Amino acid sequence: MSRKKVDVSGFAHFYTWLFALALILWPLLAPALRARRADVSLASWFTATGFAVVTLILFWYAHRRCSSEKLSYWDGLLVVSASMMTGWIYATVVVIFPALLYTFLASVYFALLAEARRAPNEAQERFHRLVYRMYQNRMRQ
């Protein structure tokens, strides 16, 4: 298999990794902030950890269902990141994270819809079209 990886800047890799970490770890933020001022129950920590695990499972599921020979899921997220970069750090952060969140939620929807319709390639095709549309409407510098 000699599939070529997408060629994007290091900043796109940084923003995509930062988004993935923030997406998976966001449920732990509330108990961590509360723990600075008061005791947090063990049940709150377990609930937050459960939400983080569910988010990780959804990320894995979308990756598994939306990846194809033409475009892997991670490469698609990298293309979206690179397409939304504005050249200014603060403006980029404001644009990239909602775009990546939209892409993640849409990919989970595509995967679930393809599963319900029993059309395994539909999720891959829809994800590929979404990434292509994001690339077509990229931020111009």
Side-chain angles (χ1 to χ4, degrees), residues 1-139 141:
M1 186 166 121
S2 63
R3 188 179 64 80
K4 185 182 175 205
K5 294 278 195 187
V6 296
D7 187 25
V8 296
S9 72
F11 289 113
H13 283 275
F14 172 73
Y15 287 126
T16 306
W17 275 106
L18 189 63
F19 168 76
L21 286 173
L23 178 70
I24 293 166
L25 297 177
W26 73 266
L28 299 172
L29 183 64
L33 290 175
R34 263 197 332 257
R36 293 177 65 197
R37 297 179 189 234
D39 289 337
V40 177
S41 69
L42 195 57
S44 294
W45 284 108
F46 280 140
T47 303
T49 304
F51 278 118
V53 168
V54 166
T55 306
L56 184 63
I57 289 169
L58 286 174
F59 193 84
W60 170 80
Y61 180 68
H63 185 280
R64 187 173 174 322
R65 299 291 290 167
C66 294
S67 290
S68 68
E69 286 291 322
K70 292 190 286 187
L71 182 71
S72 75
Y73 186 72
W74 188 255
D75 288 346
L77 292 179
L78 287 173
V79 169
V80 170
S81 285
S83 299
M84 294 296 123
M85 295 191 59
T86 63
W88 298 315
I89 293 174
Y90 298 119
T92 297
V93 170
V94 169
V95 173
I96 278 185
F97 289 138
L100 286 172
L101 182 62
Y102 172 76
T103 305
F104 168 71
L105 293 174
S107 64
V108 170
Y109 172 73
F110 296 157
L112 291 173
L113 189 63
E115 192 78 37
R117 291 182 179 176
R118 296 187 182 175
N121 293 337
E122 182 181 352
Q124 298 167 358
E125 293 166 4
R126 291 180 123 196
F127 179 71
H128 192 270
R129 281 195 312 258
L130 172 68
V131 170
Y132 183 70
R133 279 194 310 264
M134 296 288 250
Y135 175 75
Q136 279 183 320
N137 299 311
R138 66 188 175 275
M139 305 298 282
Q141 296 180 21

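Count residues from 1 along the sequence. Since the structure is predicted, the reported quantities are computational estimates derived from the model, not experimental observations.
- By the 6.0 Å contact criterion, OH on Y61 is enclosed, its count of non-hydrogen atoms from other residues, nucleotides or ligands being greater than 12.
- Here H63 contributes atom NE2 and L58 contributes atom CG; the two are 14.5 Å apart, rounded to the nearest 0.5 Å.
- Under a 3.5 Å cut-off, the side chain of T92 and the backbone N or O of T86 do form a donor-acceptor pair.
- Across Q124 and R65, no two heavy atoms sit closer than the pair CG-O, 3.3 Å.
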May I have the list of side-chain donor-acceptor pairs in residues 102-113 shorter than 3.5 Å, sequence neighbours left out?
unit_1 : atom_1 : unit_2 : atom_2 : d
T103   : OG1    : A99    : O      : 2.8
S107   : OG     : Y73    : OH     : 2.7
S107   : OG     : T103   : O      : 3.2
S107   : OG     : F104   : O      : 2.7

* side-chain contact (heavy atoms from CB on, under 4.5 Å) between Y132 and V79, intermediate numbers included -> CA-CA 9 Å; Y132 183 70; V79 169; over 6 Å; no
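- The two atoms that bring A12 and L78 nearest to each other are O-CD2, 3.9 Å, heavy atoms only.
- Under a cut-off of 6.0 angstrom, the local environment of CG in N121 is crowded, with over 12 non-hydrogen atoms contributed by other residues, nucleotides or ligands.
- Between W45 and A35, the shortest heavy-atom distance links the atoms CZ2-CB, 4.1 Å.
- Interatomic distance, S68 OG to H128 NE2, rounded to the nearest 0.5 Å: 6.0 Å.
- Interatomic distance, T16 OG1 to L77 CG, rounded to the nearest 0.5 Å: 6.5 Å.
- Between the side chain of N137 and the backbone N or O of R133, at least one donor-acceptor pair lies under 3.5 Å.
- Within a 6.0 Å sphere centred on CZ of R64, other residues, nucleotides and ligands contribute 12 heavy atoms or fewer.
- In the displayed structure, F59 atom CZ is contacted under 6.0 Å by more than 12 heavy atoms of other residues, nucleotides or ligands.
- Across C66 and A123, no two heavy atoms sit closer than the pair SG-O, 4.0 Å.
- The CG atom of L101 lies 13.5 Å from the CD1 atom of I96; values are rounded to the nearest 0.5 Å.
- Side-chain contact check for Y15 versus V93: some heavy-atom pair is nearer than 4.5 Å.
- Of all non-hydrogen atoms in S44 and P31, the two that sit nearest each other are O-CG, 4.3 Å.
- One distance of note links CD of Q136 with CZ of R129; it measures 12.0 Å at 0.5 Å rounding.
- Between the CZ atom of F127 and the OG atom of S67 there is a distance of 7.0 Å, given to the nearest 0.5 Å.
- Heavy-atom minimum distance, M84 versus M134: CE-O, 3.8 Å.
- Taking a 6.0 Å sphere around CD1 of I89, one finds it holds 12 or fewer heavy atoms contributed by other residues, nucleotides or ligands.
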